[in-house]
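As C-alpha cells, the structure follows; a few thoughts come after it.
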Amino acid sequence: MCGFLQVFSKQREVDPERFGEALSLMRHRGPDGTGILHHPEPILQPDGTPVFVASGHQRLAILDIDPRSNQPFVRGRRTLVFNGEIYNFRALRAAMPEGTARFTTTGDTEVLFYGLGLLGLGFLDKANGMWAFSHLDEANARVLAARDRHGKKPLFYYSDDAHVIFSSTARAIHHYLGTRPRLEPDFVDRYLVHGSAFPGADERTHLRDIRQVPAGHFLDFDVAAWSLQSGRYFDLAAAAKSPAPSDEDFPELFKDVVRARLVSDRKVGLLLSGGIDSTIVLSALHAMGLQDQVHCFIGEVGRSADADYAKRCVEQLGIRAHLVQLDYGGQTLERVLEMCRHHEKPFPFLGSSIAMAEMYQHIGEHDVRVVLDGTGGDEFFGGYWGRYYPPAVSDALAQSD
C-alpha cells in the first residue's frame, strides 16, 4: 500500500506548502519514503495558458526496497506515480523487446513505466496484480490514470476550471483545496439501513465533488484541452460469463494465485482466522512447500472455535504461528476510529472490525508489511449471503432489475 497525489493547476503555481501538507496526510499508506516533484516547466495550452504540475508519493517499499525505485518515477518527460503491485512483473520484463528499455531497478514500478510507454492501456491486459496509477506524458500533454480490475486500490479525482487532482485519498484533495468534506445524504441513509458502507460501482463516492475511477476503468486527461474522458478496459460481467474452470483445474489455479502473492522483498504474513478462506490459503502454501515463506498470526480472544481450529491446523502441519491475544481493551474504540479515518468511511462496530484493527497493529510490530488474510474469499465462494442480500436487493430494485 502506497499513496500518491498529483495536482494540475491552471495559471497558478501549485502551492508547495499545501501540497506537502496534503501528501503527508497519507503517510500511513507509505511510511518508507516521501517523494515530491514540482515539475520545472509548465505544460502550455494552445492559447499559452500555463498548467503547473506537482507529483507526490508516499512509499511502502515491497519490491526493490532500494531508493532507486522511489517515486515519482521519472524518465525523460514521463512521470509515473503508482500504488499497488504487479505480480508477474518479472515475466513482463523478460518479454519486452530488446532495446526498448534500460532497466536500472529490480522492481515492478519500472516495468509498469516502460510497459505503459510501449503499449499504453494495452499493457494492463498483460498485467496480473492490483494498481492505481497516474502516468503523465508531458511531451504529449496527456495523462493516463487507471485502477485495477477489481478496484482493490483506491483512485479518487477532482476537477474544475482551475484544478485537476488525482489522489489515493479524498482527504488529501480536500486539504489542498482548503475545503471541508460533505457527505452525500443517500450514503448516510444506506449506512443506517444496511450497517455497512459498500463502495459504489460507478464514479460517485460518498463525498460531494469527489469522484473515483471505477474498478477496471481509466481516465484520459488531455491537459492542453483541459478535458477528461473515462472508459472501461475490463468488463467483470463479461469475464464472469466465460467458461468456468473445471473442478480438477481449480487446485492448481488456486496455487498459482497464492504463489503470485508471495512476490515480495519484505516479510509476508498470513492471518489465520480459522475460516475456510484463510485455511485454504495455508493448505495451498503447504502443498507447494512454501509455508516457511510466511509468518502466521492467529488472533485469540479465549472463546473462539475459529481460533482453536486455526491452532489445530498449524500444529498438524508443524508450522510456528504468532498467537495475538486480543483484549478489546481501552484502545479498541480509538483503533476502530483510526481505521475509519484511514479508509475515509465508517465501519460497523463489530467483532471483525475490532479484531482486524488490533491484529494489523500487532502484525506491523513484527516488521511484516505484506499480509495474506483471505479477505473476500467467503464472498467469492458464495458465503455470507445473509449479510449481503439486503443491499443487493436494494440495488436491483433501484435499477428496476
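Not measured: the values here are computed from a predicted model. Basis for what follows: all heavy atoms, side chains included, without hydrogens, waters or symmetry-related copies. When a residue number appears, it is its place in the shown sequence, counting from 1.
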Side-chain H-bond candidate by donor/acceptor type, [X] with [Y], under 3.5 Å:
| X | Y | value |
| --- | --- | --- |
| Arg93 | Thr106 | no |
| Arg147 | Gln212 | yes |
| Asp256 | Tyr87 | no |
| Tyr191 | Asp189 | no |
| Ser273 | Ser278 | yes |
| Ser55 | His39 | yes |

Measure the CE-OG distance between Met26 and Ser168 for me, rounded to the nearest 0.5 Å. 5.0 Å
If you round to the nearest 0.5 Å, how far is CZ of Arg335 from CD of Glu358? 4.0 Å
Over 60° means perpendicular and under 30° means parallel, so tell me whether [X] and [Y] are parallel, tilted or perpendicular.
| X | Y | result |
| --- | --- | --- |
| His343 | Phe347 | perpendicular |
| Tyr157 | Phe166 | tilted |
| His28 | His342 | parallel |

Run the ring-centre check on Phe8 versus Phe221 and record whether the distance is less than 6.0 Å. yes
Validation row, ring centre Phe297 to ring centre His322 under 6.0 Å: yes
